[in-house]
Protein chains: 2
Amino acid sequence: MTETVRRPTRQQAAVLAALDEVQEFMSAQQLHSRLREQGASVGLATVYRTLTALAADDEVDVLRTDEGESVYRRCASEDHHHHLVCRACGRAVEVDGPAVEDWAARVSAAHGFRDVRHTLEIFGTCDRC
Amino acid sequence: MTETVRRPTRQQAAVLAALDEVQEFMSAQQLHSRLREQGASVGLATVYRTLTALAADDEVDVLRTDEGESVYRRCASEDHHHHLVCRACGRAVEVDGPAVEDWAARVSAAHGFRDVRHTLEIFGTCDRC
DNA sequence: GCAAACTTGACAATGATTCTCATTTCCGTC
DNA sequence: GACGGAAATGAGAATCATTGTCAAGTTTGC
Ligand SMILES: [Mn+2]
Ligand SMILES: [Mn+2]
Ligand SMILES: [Zn+2]
Ligand SMILES: [Zn+2]
């Protein structure tokens, strides 16, 4: 639990601001070009570093697309939750599943697994697509 | 659902045999070196191709590690299921969660998502580690 | 056996992510 | 406000799993 202490910089603020503008999960590369278009020049390495730090602090959620790319999103919920992600437009809906959490805990315990963590994402086509 | 029809070859049999020997999820690279050690020389590209084909036919399960590497496993169950994976030794236990399946279907429908698919894996430390 | 179609494998190419390190920025202190 | 050490940045190189290429080897139906 070492808290990541980063000095506030223009670049980091820009990355966070860019994330706040969208509802979609976005890759580092996408955010980088988006920032360039907006005139806010931020190095690609810095975008990666910032996203990694934000994810470590649970300020943003990360998930892997089918293609293996990491995509990030600033979620409304602070608490543990999951996502319904549109394969076409990338839009995401935050969902919560107490029953799933219980099930995961129960199954883990039953098999003697410790320090468990789980990943659960639902991919589909949203009603707008 | 175009069925992948591959001509049977020594190489493909070797990959499948290697998978059958282990309980762990293994990467293409790991399987490749394992095969070389055993004297069964199979090209790396062929290992990748075979694994991709097997996964497409649901003969093997695939999942992504935290590091983003694809790992494959020949599971006992033919049906849809999930895994409890040991972070340390890689050992995996097949688990089944009807409640989770229902939840996923319900949530997807509630938000108008179609053609949904989900990924759910639990990572932890097994009792032997 | 034969030709067409498929598979293999050595190697190159790709592409996201990480590393390097010289330069710039931050921040507490004087 | 200027200073100095620490942290952050960015351009480009390096990494590394995965995919593409294509000539040579195999398989299959005839
Ligand atoms: Mn959960
Ligand atoms: Mn399921
Ligand atoms: Zn959509
Ligand atoms: Zn273990």
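What you are looking at is a predicted structure, and each value in this text was computed from that prediction instead of being measured. So that the names make sense, note that chain A is the first sequence line, chain B the second, and so on, each numbered from 1.
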Checklist entry - Is there a donor-acceptor pair closer than 3.5 Å between any side-chain N or O of B:Q30 and the backbone N or O of B:S27? => result yes

Item to check | Donor on one side chain, acceptor on other, A:Q38 and A:E21, under 3.5 Å | outcome: yes

Item to check | Integer-rounded Å distance: C:dT18 C1' and A:L51 CG | outcome: 14 Å

Next on the checklist: If I take atom CZ in residue B:R64 and atom P in nucleotide D:dA17, what distance separates them, rounded to the nearest angstrom?
Outcome noted: 13 Å

Checklist entry - Does the pair B:E24 and B:R73 meet the rule for a salt bridge (Lys or Arg N to Asp or Glu O under 4.0 Å), with working shown? => result CA-CA 7 Å; B:E24 295 89 36; B:R73 182 174 190 270; over 6 Å; no

Checklist entry - Which part of the nucleic acid, if any, lies within reach of A:S70 when heavy atoms closer than 4.0 Å are counted: base, sugar-phosphate only, or nothing? => result sugar-phosphate

Checklist entry - Is atom CZ of A:R36 surrounded by more than 12 heavy atoms (other residues, nucleotides or ligands) closer than 6.0 Å? => result no

Item to check | Atom-to-atom span, NE2 of A:H32 to P of D:dG12 - whole angstrom | outcome: 12 Å

Checklist entry - Considering only heavy atoms from C-beta outward, does the side chain of A:R91 approach that of A:C129 to under 4.5 Å? => result no

Checklist entry - Roughly how many Å is it from CG in A:D66 to C1' in D:dT18, rounded to a whole number? => result 16 Å

Checklist entry - Given atom CE of B:M26 and atom C1' of D:dA17, what is their separation to the nearest angstrom? => result 16 Å

Checklist entry - Can you tell me if A:R6 uses its side chain to pair, donor with acceptor, with the backbone of A:Q12 under 3.5 Å? => result no

Next on the checklist: Check this one for me: any side-chain N or O of B:Y48 less than 4.0 Å away from OP1 or OP2 of D:dT18?
Outcome noted: yes

Checklist entry - Reading nucleotides 4-13 of chain C from the 5' end, what letters show protein touch, with B for base, S for backbone sugar-phosphate only, - for no heavy atom under 4.0 Å? => result -BBSBBB---

